[in-house]
Amino acid sequence: MFDISFAELIVIGIVALIVIGPERLPTVARTAGYFLGRARRYVNQVKHELHEEMELDELRKLRNSMQETVDTFENSVRTEINKIQETVNTDTQPATTPEALPTEEKPVKNTETAKIGATTSSPAPEAPRQPGN
């Protein structure tokens, strides 16, 4: 971690033995080990939290891109549905042109033809004959 070799650790131990003394050295070493362990746990905890935050950030980005894709797809489907509805609405609207009207609703262009057609209707059917007449 700090790139300290074994020889450097021995030198630090000898200096600590001389400066601190043999009576207090075990308690100081125990306390130093305790604080080093806490420092390592803290560093590992920070690393773990950073890793989780990075994963959460990636998941947020993925969720946002998926939401954009869903929105785009939904908009395209709605556009197509609107186009289809407009097509259906224009097909079902009543026709206003004379060619599109049914035959009984077509306007009469020539009034003389209409009068002739009304007078030249077929004769009324005769009553059935009675036997003996």
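Residues Ile18 and Ile10 share a hydrophobic cluster, clusters being chains of Ile/Leu/Val/Met/Phe/Trp/Tyr side chains in contact below 4.5 Å. Tyr42 and Leu50 fall within the same hydrophobic cluster, defined by Ile, Leu, Val, Met, Phe, Trp and Tyr side-chain heavy atoms under 4.5 Å apart, directly or through other members.
Counting only heavy atoms from C-beta outward, the side chains of Asp57 and Lys61 approach each other to under 4.5 Å. Within the 4.5 Å cutoff, the side chain of Asn82 has heavy atoms near those of the Gln85 side chain. A heavy-atom distance below 4.5 Å is not found between the side chains of Glu80 and Val77. Using a 4.5 Å heavy-atom cutoff, the side chains of Phe73 and Thr69 are not in contact. Inter-residue side-chain proximity for Glu53 and Glu49 is flagged as unmet; no heavy-atom pair is nearer than 4.5 Å.
Judged by distance alone, with hydrogens and angles left aside, the side-chain atoms of Glu8 form a donor-acceptor pair with the main-chain N or O of Ser5 at under 3.5 Å.
Scanning both residues, Asn75 and Thr79, for their nearest heavy atoms gives O-OG1, 2.7 Å. Smallest separation of non-hydrogen atoms from Thr27 and Arg24: OG1-O, 2.8 Å. When all heavy atoms of Leu17 and Pro22 are compared, the pair lying nearest together is CD1-CA, 4.0 Å.
Distance check, rounded to the nearest 0.5 Å: CD1 of Ile81 to CD of Glu86 gives 12.5 Å. In this structure, Arg38 CZ and Gln45 CD are separated by 11.0 Å, a value rounded to the nearest 0.5 Å. In this structure, His51 NE2 and Asn44 CG are separated by 13.0 Å, a value rounded to the nearest 0.5 Å. Between Met66 atom CE and Asp71 atom CG the span is 11.5 Å, to the nearest 0.5 Å.
A salt bridge between Glu55 and Arg60 is absent, with no side-chain N of the basic residue lying under 4.0 Å from a carboxylate O of the acidic one.
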